[in-house]
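Shown next, in C-alpha cells, is the structure this report addresses.
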There are 2 protein chains.
Amino acid sequence: MPYTYAYPRPALTVDCILFGYDEGDLKLLLVERGSEPFKGRWALPGGFVQRNETLGDAALRELAEETGVGKVYLEQLYTFGDLDRDPRGHTVSVAYFALVRPDGFTLQASTDAAAAKWFLLRKTPPLAFDHKKIVETAVERLKGKVRYQPIGFELLPKKFTLSQLQQLYEAVLETEIDKRNFRKKILSMSILKPLGEYEAGAANRPAQLYQFDRKKYDAATKSGFLFEL
Amino acid sequence: MPYTYAYPRPALTVDCILFGYDEGDLKLLLVERGSEPFKGRWALPGGFVQRNETLGDAALRELAEETGVGKVYLEQLYTFGDLDRDPRGHTVSVAYFALVRPDGFTLQASTDAAAAKWFLLRKTPPLAFDHKKIVETAVERLKGKVRYQPIGFELLPKKFTLSQLQQLYEAVLETEIDKRNFRKKILSMSILKPLGEYEAGAANRPAQLYQFDRKKYDAATKSGFLFEL
DNA sequence: CCAAAAGTGTTCTCCATACACCCATGC
DNA sequence: GCATGGGTGTATGGAGAACACTTTTGG
C-alpha cells in the first residue's frame, strides 16, 4: 500500500545527543552542517526518519552516517515540536541521547555532515535549529539520571580509579563531594570489583583500579536494589 | 510556502492518557472509536497532528473534540514509533498525560469518538493500536512522579482529608502506608493549609479538611526544597 | 625531602520505621 | 453503646554529613 497523504503531515526527524567524558571534562558530539539550512553551523547529528523505519533505527543510522559512531545504547529523551524550530517548515524531532567514551570511536563525517567533532559541553558553539534547547533538556536529564543509575560506567574506561569516578560525578552534578563518604557509599553497594591492579606513571601513590560488576548490578537491581547517590 | 513532500513521511499523531481519581480508585479516560481501524474498540483519545499545529495543541484539541475535556495540564510522556502499531501504515504517536478530577468535567464525545467514559485503571477493556503499552508506560511514569511531585493535589478535590490523600498514594503506589508516619511527613512539609473545617455526614469522627498551599509549595521549590515521599 | 594524590574511621544528627490507644460522631 | 474512621507520640536503628591525618610514589 502506497503512502496516502490524506492530511498534510509535519516532517519527522531524529536528533542524537552524545555525551562523552574525557580527562575530567564532559563533552558533546556535534557535526558541522554541510547543507542548508544552517550550512556551516554546528548541530546535533540527526535527520529525517525514513519510510518504515523505527525511531531508534533512524537515530542510529543518522548517527553512523554523520559521525561514524555506531552501536551505542540510545535512550529517548523528548520530542520537540515548536512550529518555528525548522525554517523549512513544520518539523517535529524526536531526540535521543547516549553516554559513551569518546576514545572508543573514530569520528568520520559523511552525507550531510562536513565534519564531526567533540566539544566541551560548557563551551559549545552556537547551534542550528533549536538544538541549544535540546541540549539543555538533555543535560537536565543527565543530572537526574546520574542519581539513580550508574552512568559512570558507560562514560569511563573499563578500568578506572575511584577518584576518576568521583570526578565524573562532580563534573556532571557540578558540585563537590566528600572523598570518604563517596567511597563508602559506592563500595557499600558492592557493584565494583577491585582488580588488585594499580595505575602507573603518576607522580604520586598509585590508585587501585576497579571495574564495574554488571552481573552483581543486574542481580541487585532485580531484587529491588536502588542505586542512589 | 506549501508543504513539499521530498521524502515519504510517517504520519504523526498524539494520544492522551488522562488519569482520574475518584472514591479510592484510579481511573482512565477512554473513547470508543467511531471509525476504522478498530471501530467499536476503546482507545486513548487522540488523532493526527495538523499542519502548523504544536504537539501540545494537537493533544488538547483532540482531547476536547473526543471527550469534551478542556484546559488540563498535559505533560509529554513518550513517543511511540513501532512500525506495526497502526494498520494504516507507519504512524508515530507522541503521548501526553494528565492528572485530573473526573468530577470536574462533563464528558461529551464527538468527531471520531462514539463515546467517552472513565474506566477503572485496573479493569480496562482491550484497547486499540498499541495503547495498552502506552498506558503501561504512563502508569510507570505516574508511579515515579508521585514520589517527588505532589500529584495528589491535582487528583483530589480542593478540600480533602489526610486520609483521602493517603488512600490516593496507596492506590497509586499499590502499597500500604503507616498513617502516623504519612501525616508526620506530609505536615512537616507545610504545604498543606488546615482549614479548620470538617467533613460532614460520616458515621464517625469528622476529619479536618486541608487545602494545598501552592504559594508555599512554589516558594519552597524555588529554594531547593524537594518533595519526596 | 617535597609535592601530589591515595587511602582510611569516627562522631553526630536526622529521618524513616515500627507500633497502640483514645476520640468524636451517627445510628 | 457500638461501630467506624480520625487523630496522636515515642523509641530505635541506619544512613548521610562533617571532618584530618598517614601512606605511597616520582622527581
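Here is the naming used below: chain letters follow the sequence lines, and residue numbers restart at 1 for every chain.
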Protein-nucleotide distance ([X], atom [atom1]; [N], atom [atom2]), rounded to Å:
| X | N | atom1 | atom2 | result |
| --- | --- | --- | --- | --- |
| B:N181 | D:dG7 | CG | P | 16 Å |
| A:E176 | D:dA18 | CD | P | 12 Å |
| B:Q166 | D:dT8 | CD | C1' | 14 Å |
| A:Q164 | C:dG7 | CD | C1' | 16 Å |
| B:N204 | D:dG5 | CG | C1' | 4 Å |
| B:Q167 | D:dG7 | CD | P | 12 Å |
| B:I177 | D:dG6 | CD1 | C1' | 17 Å |
| A:D178 | C:dG7 | CG | P | 15 Å |

Between D:dA18, D:dT25, D:dG6, which one does the side chain of A:P206 approach most closely?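 Output: D:dT25.
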
Heavy atoms from C-beta onward define the side chain here; which of D:dG7, C:dC19, C:dG7 lies closest to that of A:K179?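 Within the option list, the nearest is C:dG7.
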
When you measure from the side chain of B:T161 to the backbone of B:Q164, do you find a donor-acceptor pair of N or O atoms at a distance under 3.5 Å?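 Yes: the side chain of B:T161 pairs with the backbone of B:Q164.
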
Carboxylate-amine/guanidinium contact A:E32 A:R41, below 4.0 Å: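 So A:E32 does not pair with A:R41 through a salt bridge.
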
Considering only NZ, NE, NH1 and NH2 on the basic side and carboxylate oxygens on the acidic side, decide whether B:K133 and B:D82 come within less than 4.0 Å.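 Yes, B:K133 and B:D82 are salt-bridged.
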
Could you tell me whether the side chain of A:R180 has a donor or acceptor atom within less than 3.5 Å of a complementary atom in the base of D:dA20?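 Answer yes: a donor N or O sits under 3.5 Å from an acceptor.
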
Look at the side chain of B:K184 and the base of D:dT10, then say whether one donor and one acceptor between them are separated by less than 3.5 Å.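 Yes, the side chain and the base share a sub-3.5 Å donor-acceptor pair.
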
Geometric cation-pi criterion A:K117 and A:F119, 6.0 Å radius, 45° cone: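 Yes, cation above the ring, under 6.0 Å and within 45°.
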
For C:dA6 and A:S163 - does any side-chain N or O of the residue sit under 4.0 Å from the phosphate oxygens OP1/OP2?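 A:S163 to C:dA6 OP1/OP2: side-chain N or O found under 4.0 Å.
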
Is A:R183 close enough to C:dG7 that one of its side-chain N or O atoms is under 4.0 Å from OP1 or OP2 there?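 The answer is yes; a side-chain N or O of A:R183 sits under 4.0 Å from OP1 or OP2.
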
Mind checking [X] for me? I need base, sugar-phosphate or nothing, with any heavy atom below 4.0 Å counting as a touch.
| X | value |
| --- | --- |
| B:Q208 | sugar-phosphate |
| B:K185 | sugar-phosphate |
| A:T161 | nothing |

If I compare all heavy atoms of B:L127 with all of B:K132, which pair ends up nearest, and what's the gap?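 Taking B:L127 first and B:K132 second, the nearest heavy atoms are CD1-N, 4.0 Å.
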
Go nucleotide by nucleotide along DNA chain C from the 5' end; which of A:L187 and A:A203 gets its closest nucleotide reached first?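 Counting from the 5' end, the first nearest nucleotide belongs to A:A203.
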
